[in-house]
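Working notes, beginning with the structure itself.
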Amino acid sequence: MNGFLRDRVRLTAGLLLGISAVCTAALFWGAGENAAQAFSLRREQRSAQTLAQGRQDDSLAALLPLAGYTVAVDPGHGGYDGGAVGRVSGTPEKGLNLDVALRLARLLEAKGARVVMTREDDRALCDEHPPIRKKLQDMQRRAVIITEGGADMVLSIHMNEYAGRGESGPQVFYREDCPAGRLLAGAIQAAMIEQLSPKMERVALSGDYYILTLGVPSALVECGFLSNREEEALLLTEEYRERVAQAICAGVVAWAALPCEKPEPLPAVDRSDEPNGLP
């Protein structure tokens, strides 16, 4: 091969190598750009998925604000123990308590709570001839159901009465000197005032009730006075009892949503040797 031809071959080979290098660089640059774009796209997709999941979680929390809570609902009295009696109708509170409690249980479950009922029919939780007072055995057995059910709170449902006919309005009680119970009772009392608009707006009060001393936040709800003619008439209607249940549920939801750290409840008390029956 003469010198001229060798130079032409070298020149052509150089040009081909240069073109190849340029093409290769272009391919790597394009691949890098595509990879960067793909990475950015995946990152945006993950961010969108995370945001969507967060919104879904927020939405679920809004729909089920009581998820994770176990609530004991205790319809007061039952069976032989009728409780307070309507001044006009003669209706005992035990059936009204049960009706409100069952409505409340349905509403709490719809908010995500697991509900433990101490009774679901018209009966007392005691033997016909117990070795101890019927009322005490009844309360002890309610306490066992609540404790073994793993309740995070107790809501005991009652109707009120008074010697005079002028007293009215729902009244919520909590265990004396128990900040945890006071916070729960206060939230329920506020919700009942807001949603039921009673003529007499009461405040939550402390009370010495067996059912409030089981070591969890507890509230005893007196839904209204059967000794008051107007309030008795309201409580005898299904529509008003549904509103009462809705108000109690709203109070529990408001309590659960409080941003502050909730105080610890007082320890459970053994009251098995007390001589007098308590409501």
Side-chain angles (χ1 to χ4, degrees), residues 61-62 64-76 97 100-119 139 142-143 145-160 169-196 198 200-224 241 243-269 271 278-279:
L64 301 175
L66 299 180
Y69 285 101
T70 297
V71 183
V73 178
D74 171 55
N97 296 343
V100 171
L102 290 173
R103 293 172 186 273
L104 175 59
R106 171 179 51 82
L107 294 169
L108 292 170
E109 287 174 342
K111 297 294 184 182
R114 184 175 75 89
V115 175
V116 175
M117 299 286 295
T118 57
R119 69 179 180 96
M139 297 307 299
R142 291 173 193 257
I145 292 171
I146 291 167
T147 302
E148 292 185 350
D152 298 306
M153 75 179 75
V154 176
L155 305 173
S156 190
I157 308 302
H158 291 258
M159 303 289 157
N160 218 337
Q171 179 88 68
V172 187
F173 291 90
Y174 58 90
R175 180 179 174 181
E176 187 174 8
D177 298 324
C178 182
R182 182 170 63 245
L183 193 65
L184 175 61
I188 295 173
Q189 184 76 61
M192 296 187 82
I193 290 173
E194 179 181 357
Q195 297 200 14
L196 300 176
M200 185 172 293
E201 297 185 0
R202 298 178 176 272
V203 296
L205 296 176
S206 64
D208 184 19
Y209 296 98
Y210 188 113
I211 204 69
L212 302 180
T213 62
L214 304 182
V216 295
S218 307
L220 187 148
V221 184
E222 299 279 7
C223 301
R241 293 197 300 274
R243 289 178 57 198
V244 169
Q246 290 173 350
I248 298 171
C249 182
V252 174
V253 171
W255 170 85
L258 290 173
C260 60
E261 184 176 352
K262 297 178 179 64
E264 289 294 320
L266 296 178
V269 174
R271 303 175 63 164
L278 293 171

Short question: side chain of [X], backbone of [Y] - any donor-acceptor pair under 3.5 Å?
| X | Y | value |
| --- | --- | --- |
| Gln189 | Val172 | yes |
| Arg182 | Tyr174 | no |
| Arg142 | Arg119 | no |
| Asp74 | Thr118 | no |

Taking all atoms of both residues into account, what is the closest heavy-atom pair of [X] and [Y], and its distance?
| X | Y | result |
| --- | --- | --- |
| Met192 | Pro170 | CE-CB, 3.6 Å |
| Pro265 | Cys178 | CA-SG, 4.2 Å |
| Pro198 | Gly169 | CB-CA, 4.2 Å |
| Ala247 | Ala191 | O-CB, 3.4 Å |

Roughly how far, to the nearest 0.5 Å, is the [atom2] atom of [Y] from the [atom1] atom of [X]?
| X | Y | atom1 | atom2 | answer |
| --- | --- | --- | --- | --- |
| Ser218 | Leu212 | OG | CG | 5.5 Å |
| Met117 | Ile146 | CE | CD1 | 11.0 Å |
| Met153 | Leu184 | CE | CG | 6.0 Å |
| Ser206 | Arg175 | OG | CZ | 11.5 Å |
| Leu214 | Ile145 | CG | CD1 | 11.5 Å |
| Trp255 | Leu183 | CH2 | CG | 8.0 Å |

Please table the atom pairs, donor to acceptor, closer than 3.5 Å between any side-chain atom in residues 100-115 and protein atoms at least two apart or in another chain.
unit_1	atom_1	unit_2	atom_2	d
Arg103	NE	Asp99	OD2	2.7
Arg103	NH1	Glu242	OE1	2.9
Arg106	NH2	Glu242	OE1	2.8
Arg106	NH2	Glu242	OE2	2.9
Arg114	NE	Thr70	OG1	3.3
Arg114	NH2	Thr70	OG1	3.4
Arg114	NH2	Gly149	O	2.4

(Q) Atom CD of residue position Glu176 - does it have more than 12 heavy atoms of other residues, nucleotides or ligands inside 6.0 Å? (A) no
Please examine the side chains of [Y] and [X], heavy atoms only from C-beta on, and report whether any two atoms are closer than 4.5 Å.
| X | Y | value |
| --- | --- | --- |
| Ile248 | Ile157 | yes |
| Met139 | Ile211 | yes |
| Ile188 | Val252 | yes |

